[in-house]
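Reviewing the structure listed below.
Letters A, B, ... mirror the listed sequences (proteins, then strands); counts begin at 1.
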Amino acid sequence: MPTLDIQNLQVAIGDKPIVKGLSLTIRSGEVHAIMGPNGTGKSTLAKAIAGHPDYTITGGDVLLDGKSILEMEADERARSGLFLAFQYPSEIPGVTIANFLRAALQARLGEGEEIDATAYYKRLYGKMDMLTIDRKFTSRAVNEGFSGGEKKRCEILQMAMLEPKFALMDETDSGLDIDALRIVSEGVNALRGPGLGVLLITHYQRLLNYIVPDFVHVMYDGRIVKSGDKSLALELEAKGYDWVKKAV
Amino acid sequence: MKPPSETAADDTAVENPVVGIDQSKGDFKYDVKYDFDAGTGLNENTVRYISSVKKEADWLLEFRLNALKKFHSMPMPTHWATKDLENINFDKIRYYLAQGQKPKRTWEEVPDDIKQTFERLGIPEQERKFLAGVEAQFDSEAAYSNIKEIVAKQGVIFVNSTEGLREHPELFKKFFGKVIPTGDNKFAALNSAVFSGGSFIYVPKGVKVAQPLQAYFRINAENFGQFERTLIIADEGAEVVYMEGCTAPKFSTATLHSAVVELVALKGAKIQYITVQNWANNVFNLVTKRGVAHEDAEIKWIDCNIGSRLTMKYPGVVLKGERARGEVISIALANDGQHQDTGAKMIHAANNTTSNIVAKSISVGQGRSTYRGIVHIPKSLKGCKNNTECDALLINTNSRTDTYPAIAIRGDRNATQHEASVSKVSEDMIFYMQQRGLTEGQAMSLAVNGFINDLARQFPMEYSVELKRLIDLEMEGSVG
């Protein structure tokens with residue numbers, strides 16, 4: 001069974017340690033939520049695992065199916081089955097969603113192999129129908145001039161098409177409106193299944209009303225300080241993050 | 001048939017500093033035997049030699065000799081242009097190399113040593129697929145020139161300049177050198193002195209050529225200068241699309257390409273001139289291109305510059321008749337060691353004329369892009385409009401871009417709008433794309449293709465595919 005194994009991970013930005021020894025194992029089919037106050041290292045964790053060049057791994061390891069991914073470039077990690085849903089996805093002017101996804105899928109093929117255009121569009125439209133996304137959506141340039149909700153929809157569609165083994169969903173932003181919340185949760189629930197492991201990063205418990213996690217972890221000052229099931233999220237909501245701080 | 005012997009273009013050439021860059025499909029060279037060679041260096045004898053092997057009329061020899069004098073008397077334009085021009089050594093260049101002066105009408109007749117180059121570049125295949133006519137120039141002369149019978153029957157003339165002068169002297173002389181006079185600039189004077197090859201096209205009244213006519217310019221020899229001269233005349237109501245492609249192998253020494261292209265669109269005519277240039281990065285590409293658009297006529301330059309060491313090219317349109325329209329769509333990509341100094345000129349000379357300039361440049365690594373433009377609308381005119389957009393994309397921190405737009409709009413009865421932007425491919429954007437599985441090179445390439453997407457769509461399909469492929473090759477190697 002595919003496993004994403006984070007072992008005593010330490011991450012720094014420049015000289016500043018942000019993630020200070022975090023361990024977590026996610027198996028395929030599981031949904032883990034990481035909650036925590038702002039500035040505690042949640043987004044850093046996600047970006048470091050995905051291989052963002054600004055983040056330095058200073059200790060520990062991340063194993064995908066038993067194999068360390070830390071020596072891999074970000075694109076190689078992606079092709080190995082890791083997907084990061086960005087909190088603030090970049091705009092790619094002039095590149096349509098359809099062409100972008102096609103290029104991303106093409107990058108997964110061997111040399112000399114070419115994507116079959118008909119089959120590609122059939123699959124794309126199938127996924128869009130499943131996620132109730134309008135057909136016109138994919139002829140727009142990636143994230144260019146998108147609303148918050150449209151950006152989320154674009155991320156979910158990419159996730160559906162790329163079929164990762166593990167998805168890291170950086171939903172830290174407290175500004176998630178109801179529309180965006182619904183899109184993310186419906187998307188994750190639609191894609192949820194035995195072949196996908198999810199690490200859901202969120203600040204608010206609200207999102208977990210829509211996506212029911214198998215496990216909830218509380219992160220504080222670069223570490224997981226508490227783990228439990230979905231009831232932990234409710235407890236956290238009721239008591240606030242100060243409760244965790246005191247517990248540390 | 002003797003087996004082709006292929007040699008690497010130059011083993012000692014300094015490697016392109018961009019790691020792993022593919023000089024693309026143009027970088028190869030087959031050995032060719034030349035029967036006509038004007039030798040190295042430029043003087044009166046060079047010009048006389050060229051004129052005599054072409055068996056030219058006296059007036060033309062006089063024209064050439066006069067141009068040579070102008071060339072010698074004019075200074076290098078280094079007071080505004082790059083000093084790199086001073087590195088051209090005119091004494092070390094060969095000005096005329098050819099196997100003969102008469103192009104073949106079928107590929108079967110083209111000598112094998114030349115034919116294999118064009119086959120490798122895919123020209124005969126493209127001709128079969130989507131072209132109305134092809135001229136393939138190899139160094140100084142066209143090796144092949146042919147027009148589909150159905151087009152020829154409409155009275156369309158499509159030959160090289162040597163043939164055009166010989167077979168259609170009256171028509172040629174009437175327009176030749178009128179759009180771009182010999183003394184227009186130093187390199188126009190040089191071209192006028194030693195020109196050879198290039199296309200001569202005449203489209204009769206009301207004839208609309210359905211498929212594009214294409215010319216392919218190939219530099220094969222080292223220390224060589226290619227000086228083609230193209231003249232396109234679209235008679236009243238005629239329409240034609242002309243496309244040119246250019247390649248050369250990479251040598252360690254500088255090569256010079258200095259063309260002059262004149263377009264004449266008579267009343268209501270339309271000319272579209274498309275260039276996809278992919279010169280090797282030792283080529284000085286100094287080209288003068290200008291068209292005159294008469295009443296209700298339209299001239300559109302689509303100009304795409306990839307490669308070369310230095311390109312200086314500012315396609316222009318003189319809007320001579322009322323309601324004439326001029327357009328320049330320009331894409332330039334400057335990689336390490338390259339300077340793309342490109343732009344556009346729009347000279348409004350009649351009421352209600354309109355012009356549009358959209359220029360996009362991409363600077364990679366230490367590549368440098370410069371936009372220079374002139375838009376001139378005198379006070380006496382009314383109802384003239386110009387739109388100018390210049391967008392620059394910078395990749396990596398050492399890239400440089402400059403914009404020198406000169407827009408002189410006099411009077412209050414004319415309108416112009418000008419927009420310019422400079423953007424960078426950000427690290428976050430690249431990371432985003434890499435996170436979806438694209439390599440850094442693929443991500444760059446996609447970002448660049450996206451940047452020029454709205455312009456690339458205006459190319460004929462085959463050319464936009466070619467353009468995308470060239471950009472992919474350039475960008476693949478541009479990351480460290």
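- The number of heavy-atom neighbours closer than 6.0 Å to CD of E113(A), taken from other residues, nucleotides and ligands shown, is above 12.
- Interface residue L84(A): backbone and side-chain heavy atoms are both found under 4.5 Å from chain B.
- Counting heavy-atom pairs closer than 4.5 Å to chain B, the top-ranked of the candidates Q106(A), E155(A), E91(A), E73(A) is E155(A).
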Fill in: Working for salt bridge (charged side-chain N to carboxylate O under 4.0 Å, His left out), residues E389(B) and K360(B)
CA-CA 8 Å; E389(B) 288 171 47; K360(B) 295 205 176 197; over 6 Å; no
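- Residue contact with chain B, scored on non-hydrogen atoms closer than 4.5 Å, is absent for E76(A).
- In this structure, the side chains of D5(A) and V62(A) stay at 4.5 Å or more apart for every pair of heavy atoms.
- Classification of D65(A) and K165(A) as a salt-bridged pair holds, one side-chain N sitting under 4.0 Å from a carboxylate O.
- Heavy-atom neighbours of chain B within the stretch residues 127-147 of chain A, taken at a separation under 4.5 angstrom, comprise V142(A), N143(A).
- Using a 30° and 60° split on the angle between ring planes, W301(B) and Y273(B) fall in the tilted class, from 30° to 60°.
- Heavy-atom distances place no part of D454(B) under 4.5 Å from chain A, backbone and side chain included.
- R77(A) does not touch chain B: none of its heavy atoms, backbone or side chain, sits under 4.5 Å away.
- Residues C390(B) and H418(B) form a side-chain contact, since some pair of their non-hydrogen atoms from C-beta on lies under 4.5 Å apart.
- Chain A forms more heavy-atom pairs under 4.5 Å with one residue of R436(B), Q434(B), E427(B) than with any other, namely R436(B).
- A salt bridge is absent between D170(A) and K47(A); no separation between the charged side-chain nitrogens and carboxylate oxygens falls under 4.0 Å.
- For the atom pair OG1 (T342(B)) and CG (D303(B)), the distance works out to 7.0 Å, reported to the nearest 0.5 Å.
- Ion pairing between R123(A) and E163(A) holds under the 4.0 Å rule for side-chain N and carboxylate O.
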